> 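Got a structure for you, written out below as structure tokens; questions coming shortly.
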There are 2 protein chains.
Amino acid sequence: MKLTPLKKFENYLVENEGRLTSQKKAIVQEVFNIDDHFEVENFIDMLRAEDKKFSRATVYRTIKQLLEAGLIQKISALNGKVFYERKMTNKEHDHVICNSCGEIYEINDNSIQKILDNYCKDIGFRPEYRSLHIYGLCKACFKR
Amino acid sequence: MKLTPLKKFENYLVENEGRLTSQKKAIVQEVFNIDDHFEVENFIDMLRAEDKKFSRATVYRTIKQLLEAGLIQKISALNGKVFYERKMTNKEHDHVICNSCGEIYEINDNSIQKILDNYCKDIGFRPEYRSLHIYGLCKACFKR
DNA sequence: TTCTATGCAAAAGCTTTGCAAATCA
DNA sequence: TGATTTGCAAAGCTTTTGCATAGAA
């Protein structure tokens with residue numbers, strides 16, 4: 001039995017003396033309609049485009065709650081931009097990125113996962129999210 | 001023959017029509033005196049404590065230049081905090097970052113390097129730089 | 001009915017920028 | 001000398017907060 005994100009959020013709110021308002025409902029649905037990561041300001045624009053003109057404060061507050069509820073995760077890029085995306089429990093984010101053509105490859109090697117899990121265990125760290133990015137030149141671009 | 005960070009920065013500045021001022025010199029020396037990562041505001045305080053009272057703008061501008069020169073690197077924690085640290089050319093930067101207190105641990109495990117090198121070799125990718133960040137809760141914060 | 005959530009505007013952090021004066025090459 | 005850099009203050013951005021009102025339970 002799998003709960004919908006909205007249901008999960010509702011459970012979280014019940015447990016934490018929160019209330020499920022129409023704004024929160026709409027925000028949750030919007031977030032889980034987006035496959036990709038998103039920035040808050042863009043997200044607000046998307047809501048606006050659908051005539052869901054909630055205040056910035058409400059959107060920020062709801063995103064914070066979704067984060068606390070563990071339904072979404074935050075990604076901080078090196079350029080200072082902050083993204084959010086719905087949390088995929090079974091998917092890590094390992095990428096190989098070509099500096100020349102921008103092509104992105106996914107790494108699928110669970111020996112990395114094992115090593116990292118062991119490391120975390122050793123230092124008593126409880127991992128929640130990982131990001132592994134390798135930058136360089138892909139085969140084709142290297143030949144040139 | 002190994003160049004000092006200051007010399008490298010000087011070279012970078014010459015190539016980019018920049019000038020090596022006394023402020024920049026002092027900032028570079030301070031940065032390379034710090035073994036750990038640092039936040040800009042703390043860094044400014046450290047400079048102040050040594051009576052190097054440069055304007056915030058100058059510090060930010062110099063850090064930006066050091067970043068462009070490839071002498072330091074930026075780390076963004078999920079709680080929004082931004083850290084910098086000097087770049088060790090012979091060492092990859094794998095970090096474990098606590099989302100609660102912001103503490104950063106370094107991973108030293110060259111088996112990761114081997115796996116990644118193998119992976120790159122397999123797909124014909126020539127790696128230049130990698131960043132591996134694990135976010136979660138450190139021992140102390142998890143207990144709370 | 002009671003307490004949380006919302007919207008607004010103001011404030012808070014952090015970082016960047018415009019401009020005149022200072023400094024480097 | 002001529003161009004970049006500095007310091008200051010102001011402005012920009014993103015995010016948070018105080019407060020009165022609206023709304024959920």
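All values derive from a computational prediction rather than experimental measurement. Letters A, B, ... are given to chains in the order of the sequence lines, protein chains preceding strands, and every chain is numbered from 1.
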> Taking A/Phe32's backbone N and O only, do any of them form a donor-acceptor pair with A/Arg86's side chain (distance below 3.5 Å, no angle check)?
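Looks like yes, one N/O pair under 3.5 Å.
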> May I ask you to say whether A/Lys74 pairs ionically with A/Glu85, meaning some side-chain N is under 4.0 Å from a carboxylate O?
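A/Glu85 and A/Lys74: not salt-bridged.
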> Rounded to whole Å, please give me the gap between CD1 in B/Ile44 and C1' in D/dC8.
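Between C1' of D/dC8 and CD1 of B/Ile44: 14 Å.
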> Quick check on DNA chain C: between B/Val40 and A/Thr21, whose nearest nucleotide comes earlier from the 5' end?
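The residue mapped nearer the 5' terminus is A/Thr21.
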> Can you check whether B/Thr58 has a side-chain N or O nearer than 4.0 Å to OP1 or OP2 of D/dT5?
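No.
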> Restricting to non-hydrogen atoms, name the atom on B/Glu39 and the atom on B/Val82 that form the minimum distance, rounded to 0.1 Å.
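Closest approach of B/Glu39 to B/Val82: CG-O, 3.5 Å.
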> Choosing from C/dT15, C/dC24, C/dG7, which nucleotide comes nearest the side chain of B/Glu41?
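The answer is C/dT15.
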> In terms of side-chain heavy atoms of A/Arg56, which of C/dT15, D/dT15, C/dG18 is nearest?
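The closest nucleotide is D/dT15.
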> Taking atom C1' of D/dG7 as reference, at what distance in whole Å does atom CG of B/Leu47 sit?
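Taking atom C1' of D/dG7 as the reference, CG of B/Leu47 is at 15 Å.
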> Measure OH/B/Tyr60 against P/C/dC14 and give the value in whole Å, please.
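From B/Tyr60 OH to C/dC14 P: 7 Å.
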> Which nucleotide in the list C/dT6, C/dT17, D/dG7 gets nearest to the side chain of B/Lys64?
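Nearest listed nucleotide: C/dT17.
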> Measure from the side-chain heavy atoms of A/Ala57 and tell me the nearest of C/dA9, D/dT5, C/dT17.
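Ranking C/dA9, D/dT5, C/dT17 by closest atom to the A/Ala57 side chain puts C/dA9 first.
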> Distance check needed: C/dT4 P versus A/Phe9 CZ, whole Å only.
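So the CZ-P distance, A/Phe9 to C/dT4, works out to 16 Å.
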> Check whether any side-chain nitrogen or oxygen of A/Gln23 sits under 4.0 Å from OP1 or OP2 of D/dA22, and answer yes or no.
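No, A/Gln23 has no side-chain N/O under 4.0 Å of OP1/OP2 on D/dA22.
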> Could you tell me the separation between the CG atom of B/Leu66 and the P atom of D/dT5, rounded to a whole number of Å?
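Going from CG in B/Leu66 over to P in D/dT5 covers 13 Å.
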> If you group Ile, Leu, Val, Met, Phe, Trp and Tyr by side-chain heavy-atom gaps below 4.5 Å, do B/Ile123 and B/Leu116 land in one group?
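Yes.
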> Could you give the NZ-to-P distance, from B/Lys25 to D/dT6, as a whole number of Å?
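B/Lys25 atom NZ is separated from D/dT6 atom P by 12 Å.
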> Between A/Asp117 and A/Gln113, is the side chain to side chain donor-acceptor pair (under 3.5 Å) condition met? List the steps.
CA-CA 6 Å; A/Asp117 282 347; A/Gln113 184 66 51; 3.0 Å; yes
> Does any donor-acceptor pair link the side chain of B/Arg19 with the base of D/dA3 at a separation under 3.5 Å?
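Such a pair exists between side chain and base.
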> Rounded to the Å, how far apart are B/Asn16 CG and D/dT5 C1'?
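Rounding to the nearest Å, CG of B/Asn16 and C1' of D/dT5 are 15 Å apart.
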> Write down the distance between CD1 (B/Ile63) and P (C/dT16), rounded to a whole number of angstrom.
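After rounding, the reported distance stands at 10 Å.
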